[in-house]
Amino acid sequence: MKISARNQLKGTVSAVTNGAVNGVVAIDIGGSTVKADITMEAIKDLGLAEGVPAVAVIKASNVMFAVGAERVKGLSARNQLAGKVASVTKGAVNGHVVLELVGGNRIMGSVTNEAIEDLGLAEGAEALAVVKSTDVIVGVE
Amino acid sequence: MKISARNQLKGTVSAVTNGAVNGVVAIDIGGSTVKADITMEAIKDLGLAEGVPAVAVIKASNVMFAVGAERVKGLSARNQLAGKVASVTKGAVNGHVVLELVGGNRIMGSVTNEAIEDLGLAEGAEALAVVKSTDVIVGVE
Amino acid sequence: MKISARNQLKGTVSAVTNGAVNGVVAIDIGGSTVKADITMEAIKDLGLAEGVPAVAVIKASNVMFAVGAERVKGLSARNQLAGKVASVTKGAVNGHVVLELVGGNRIMGSVTNEAIEDLGLAEGAEALAVVKSTDVIVGVE
């Protein structure tokens, strides 16, 4: 299945934490780790375990941005991926920002134009893509 | 790619509304329509147009529930799918509710145990699965 | 309105910004403003305009937390609501944190236990509830 989610980061499962109904899967995407909070049913169904190749799937509207190269301290969002802004495209009220991550991956986020202006997001700027772990879907080939 | 998202509702694109950077795709899943607010890039990339077979992909954590059989009036969430509760599984703080939709599809939502109790969600109860259109990913085979 | 979303903050629309397919609605909830990025279809359908009473509906899984009383600078998330932690309930991998906002409202978030520990979220701690504007649903009576 080819899907609309703009972000599909390939990697390897580095850890799985089992809960009662939900669990957390950590995926090493090279240069950074992405954590996904998904159902235990999905973890079993997809056979997710340490060492399994997996893809972190993230919808552009679930990506936020923070300015700078340093992880934002004291923020509950587990995923903060450092990179440089590769492109900014503004629409009527929302715009798309593409970040080139340290490991070479790219991640696109859809945020308000207001945020783009407020943060001064422009080509070349250092920024972090911030994603809540419940907003990450996991795929296996 | 096999993905962790528990809800993958098959249907046919019934309408596409183009915007500047984002667009809205309506998918007729039989018995109801699901609207997805996705990037224009994805709409072009996947060749989404009226009549194209497509899948509405929804992560369980993006599904809310409302009590009753009637669409909740005055709510901005575009997707309200009517059905009957097929099962409820409680965890430590969150639980999973499965709804059998009018058209025969099933949709699973992950909500707080507090909400399950507060709404009296139990097997056989009439309920609506409520999903914001920005939380729907679109897939094509 | 009986819906599983744990957060339903009542207020009045203070501004509407129209876009091509999406728009941004600002709701003054008393003490703070919540911005919602929703479809233009919903804005028209609900008759959202300055002065209209409205409810900001936010699912607990879409709430993040930041430590401290100061707005996190350089973060694209438009909604950062200041308050004090009223309660923390841990589950197996996720927990629920309730924040009492400055204006008297309460907001509940579902985050990982790891984040709760990492941020030292405990009763009485000053914190901000952080919500992306695309994760806010708007309701009218």
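Sequence lines set the chain letters: A, B, ... in the order given, protein chains first and strands last, and positions in each chain run from 1.
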**Student:** Taking atom OG1 of C:Thr39 and atom NZ of B:Lys132, what is their separation to the nearest 0.5 Å?
**Tutor:** 7.5 Å
**Student:** Report which part of C:Thr89 has an atom under 4.5 Å of a heavy atom belonging to chain B: side chain, backbone, both, or neither.
**Tutor:** both
**Student:** Any chance you could measure C:Ile38, atom CD1, to B:Asp37, atom CG, to the nearest 0.5 Å?
**Tutor:** 11.0 Å
**Student:** Which atoms of C:Val136 are under 4.5 Å from chain B, going by heavy atoms: the side chain, the backbone, both sets, or neither?
**Tutor:** backbone
**Student:** Mind ranking B:Ala115, B:Ala66, B:Ser76 by heavy-atom pairs under 4.5 Å with chain C and telling me who comes out on top?
**Tutor:** B:Ser76
**Student:** Tell me, do C:Asp135 and B:Asp135 make a side-chain contact under 4.5 Å, heavy atoms counted?
**Tutor:** yes
**Student:** Enter the distance from B:Asn62:CG to C:Asn62:CG here, rounded to the nearest 0.5 Å.
**Tutor:** 6.0 Å
**Student:** Using distance only, find each side-chain donor-acceptor pair of residues 44-56 of chain C under 3.5 Å and give its atom names and separation, not counting sequence neighbours.
**Tutor:**
{"from": "C:Asp45", "atom 1": "OD2", "to": "B:Arg78", "atom 2": "NH1", "distance (Å)": "3.3"}
{"from": "C:Asp45", "atom 1": "OD2", "to": "B:Arg78", "atom 2": "NH2", "distance (Å)": "3.3"}

**Student:** Looking at every heavy atom in both C:Val21 and B:Asn22, which two are closest together, and how far apart are they?
**Tutor:** CG2-O, 3.2 Å
**Student:** Can you tell me which portion of B:Val130 sits under 4.5 Å from chain C's heavy atoms? Options are side chain, backbone, both or neither.
**Tutor:** side chain
**Student:** Between B:Val63, B:Thr134, B:Asp118, B:Val67, which shows the greatest number of heavy-atom pairs under 4.5 Å with chain C?
**Tutor:** B:Asp118
**Student:** For the NZ atom on C:Lys84, are there more than 12 heavy atoms of other groups (residues, nucleotides or ligands in this structure) within a distance under 6.0 Å?
**Tutor:** no
**Student:** Can you name the nearest heavy-atom pair linking B:Ala92 to C:Ala92, along with the distance?
**Tutor:** CB-N, 3.6 Å
**Student:** Identify the heavy atoms of C:Ala20 and B:Ala20 that sit nearest to each other, and give their distance.
**Tutor:** CB-N, 3.9 Å
**Student:** Under 4.5 Å, heavy atom to heavy atom: which of residues 96-113 of chain B reach chain C? Give them by number, or say none.
**Tutor:** B:Ser110, B:Val111, B:Thr112
**Student:** Is it the backbone or the side chain of B:Thr17 that comes under 4.5 Å from a heavy atom of chain C, or both, or neither?
**Tutor:** both
**Student:** Minimum heavy-atom separation for B:Leu119 and C:Lys2, please, with both atom names.
**Tutor:** CG-CG, 4.0 Å
**Student:** Grab the two heavy atoms, one from B:Leu75 and one from C:Ile3, that are nearest each other, plus how far apart they are.
**Tutor:** CD2-CD1, 3.8 Å
**Student:** Roughly how far apart are C:Ile137 CD1 and B:Met64 CE, rounded to 0.5 Å?
**Tutor:** 3.0 Å
**Student:** Rounded to the nearest 0.5 Å, how far does NZ of C:Lys59 lie from CZ of B:Phe65?
**Tutor:** 8.5 Å
**Student:** Above 12 or not: heavy atoms from other molecules or residues under 6.0 Å from CD of B:Glu117?
**Tutor:** yes
